[in-house]
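Okay, structure first, notes after.
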Amino acid sequence: MLVDGKPLNSGFQKGTGFVQQNDNHLPTQTVREAIEFSALLRQPREFSKAQKLADVDYIINLLELDDLQDAIIGFPGAGLGVERRKRVTIAVELAAKPDLLLFLDEPTSGLDSAGAASIVRLLRKLANDGQAILCTIHQPSSLLFESFDNLLLLTMGGSMAYFGKIGEKSGRDSHHVRAYFEQNGAPPCPPTANVAEYILELTAGDRSGTVNWNKRWSSSIQAASARQAIEEIKADRLKHPPTHDPREEREFSASLSTQIALTTQRLFVDMYRDAAYPYGVLFSNILVGLVLGLAFQRRPSCSFALRGLLTELLQIWGTE
């Protein structure tokens, strides 16, 4: 595997961001706190704190989270909505400054049509801003499908059926995909049809053995052109010596003191905002400690009364 014509190194993971399909956040954090936590811990330590916080402001503005930056994230169904939580997830990964790639695993899953369109519009905005994006998506509408630049289409079993541009210009048409399949024996795609559904129906025919689109792609002119372009990119990158990446030499981007300070601060803020559990544990430990400690003192009168109290408490807890 190569990125920009070079083999993957130990700094590859720190140069990428991965937006999971499920949005996992600390419920007691605000949107800004979650993004700042990611930026301060995951950006290279060579960057100043002021620069990292400036990146946070830029990301909040870029992903249109200004009105939500002080909102508590909460739990699904009792906090931010699904589409807003997905935007926060993308912002958290962008805060790490993924200079190589931003991976997204089905970012439109669980969203309605309006939410999915909003997320893809933001991805298009990021791509126009210079961010390289690799995204998996299932059953997209024609509007979402045409928002991407290039398509890697996989058939049943993960075989490649097409790789290349979708249309002349992203967000406008699907001319290249439509023309490729029609030129290789597929029935014409109706002008009003969703091209994404059209090609999925074609490649699903592999299960019945009618057409093997993987073999057709491997022997096509488009595949040969793609392989030639890849070889040219590799040859061009070999002319330039690899640049030194200081992230390769470190296990963590932030220093140990920074990690301890930020995680400790986040823990205390979480305990303060969700006080029921820590206060309950603290109270129960103190109460049980006092009862047990006093019950076994060598004072018969006090011991008898406290043992009776202890017995009643144990009976109550036992019934609960």
Side-chain angles (χ1 to χ4, degrees), residues 17-45 47-98 102-105 107-112 114-131 133 252-255 257-282:
F18 178 55
V19 178
Q20 301 182 48
Q21 183 176 351
N22 298 321
D23 305 310
N24 298 316
H25 299 287
L26 188 65
T28 55
Q29 277 189 312
T30 65
V31 172
R32 173 173 282 276
E33 288 171 349
I35 301 173
E36 285 184 356
F37 185 79
S38 176
L40 295 175
L41 274 183
R42 298 173 61 188
Q43 286 193 21
R45 64 186 67 177
F47 297 166
S48 65
K49 182 177 180 179
Q51 185 176 355
K52 295 177 181 179
L53 295 180
D55 289 337
V56 171
D57 293 332
Y58 174 74
I59 291 169
I60 289 176
N61 180 65
L62 183 65
L63 294 184
E64 302 172 7
L65 292 169
D66 305 78
D67 297 337
L68 302 173
Q69 58 181 314
D70 296 322
I72 299 293
I73 296 175
F75 297 93
L80 296 182
V82 179
E83 185 265 336
R84 291 176 172 179
R85 290 176 66 89
K86 182 64 67 177
R87 275 196 281 162
V88 175
T89 304
I90 296 174
V92 167
E93 292 303 313
L94 285 177
K97 293 184 77 70
L102 177 65
F103 295 96
L104 297 103
D105 182 18
T108 59
S109 295
L111 300 176
D112 56 17
S118 176
I119 291 298
V120 173
R121 178 180 60 82
L122 290 174
L123 294 180
R124 182 70 256 171
K125 189 176 180 180
L126 291 175
N128 294 337
D129 199 51
Q131 177 65 56
I133 295 175
F252 303 104
S253 298
S255 63
S257 59
T258 301
Q259 295 177 53
I260 293 175
L262 290 175
T263 52
T264 303
Q265 178 184 0
R266 186 176 76 156
L267 174 63
F268 279 105
V269 171
D270 177 52
M271 294 175 63
Y272 173 76
R273 291 176 179 168
D274 186 18
Y277 175 74
Y279 285 170
V281 172
L282 183 64

Apply side chain to side chain contact (heavy atoms under 4.5 Å, CB included) to Glu33 and Leu26, showing your working.
-> CA-CA 10 Å; Glu33 288 171 349; Leu26 188 65; over 6 Å; no
Full working for side chain to side chain contact (heavy atoms under 4.5 Å, CB included) between Asp129 and Leu62 = CA-CA 9 Å; Asp129 199 51; Leu62 183 65; 4.2 Å; yes
Assess whether side chain to side chain contact (heavy atoms under 4.5 Å, CB included) is satisfied between Thr89 and Gln20, documenting all intermediate values.
-> CA-CA 8 Å; Thr89 304; Gln20 301 182 48; 5.8 Å; no
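Applying the salt bridge (Lys or Arg N to Asp or Glu O under 4.0 Å) rule to Lys49 yields no partners; only residues at least two apart in sequence or on another chain are considered. Partners of Asp57 according to the salt bridge (Lys or Arg N to Asp or Glu O under 4.0 Å) rule, which considers only residues two or more places apart in sequence or in another chain, are Arg32. Scored by the side-chain hydrogen bond (donor to acceptor under 3.5 Å, both in side chains) test, Ser48 finds no partners at all (sequence neighbours excluded).
Counting only heavy atoms from C-beta outward, the side chains of Pro107 and Val19 never approach each other to under 4.5 Å. Looking only at side-chain heavy atoms (C-beta outward), Leu65 and Ile35 come within less than 4.5 Å of each other. Here the side chains of Arg273 and Ile72 are in contact, with some heavy-atom distance below 4.5 Å.
Distance check: Leu104 CG to Lys86 NZ gives 8.0 Å after rounding to the nearest 0.5 Å. With values rounded to the nearest 0.5 angstrom, Leu262 atom CG is found 5.5 Å from Leu40 atom CG. A distance of 5.0 Å separates CD in Gln69 from CD1 in Ile60, rounded to the nearest 0.5 Å. Here CD1 of Ile90 is found 6.5 Å from CG of Leu63. Values are rounded to the nearest 0.5 Å. For the atom pair Ser253 OG and Arg45 CZ, the distance stands at 7.5 Å (nearest 0.5 Å).
Applying the side chain to side chain donor-acceptor pair (under 3.5 Å) test to residues at least two apart or on different chains, the pairs with a partner in residues 260-272 are Thr28-Asp270. Applying the salt bridge (Lys or Arg N to Asp or Glu O under 4.0 Å) rule to pairs touching residues 61-70 yields Glu64-Arg121, Glu64-Lys125, sequence neighbours excluded.
Between Pro98 and Glu93, the shortest heavy-atom contact is CD-O, 3.5 Å. Considering all non-hydrogen atoms of both residues, Lys52 and Ala39 come closest at CD-O, 3.7 Å. Nearest heavy atom pair, residue Phe252 against residue Gln259, reads CB-NE2, 3.5 Å. In terms of heavy-atom proximity, Leu68 sits nearest to Val31 at O-CG2, 3.2 Å.
When Leu122, Leu126, Asn128 are each tested for a side-chain contact (heavy atoms from CB on, under 4.5 Å) with Arg124, only one passes: Asn128.
Ser38 places a side-chain N or O within donor-acceptor distance of the main-chain N or O of Val92, the cut-off being under 3.5 Å. For Gln29 (side chain) and Ile73 (main-chain N/O), no donor-acceptor pair under 3.5 Å exists by modelled atom type.
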Under 3.5 Å, which donor-acceptor pairs link side chains of residues 74-84 to any protein atom two or more places apart or in another chain?
residue, atom, partner, partner atom, Å
Glu83, OE2, Arg87, NE, 3.0
Glu83, OE2, Ser118, OG, 2.9

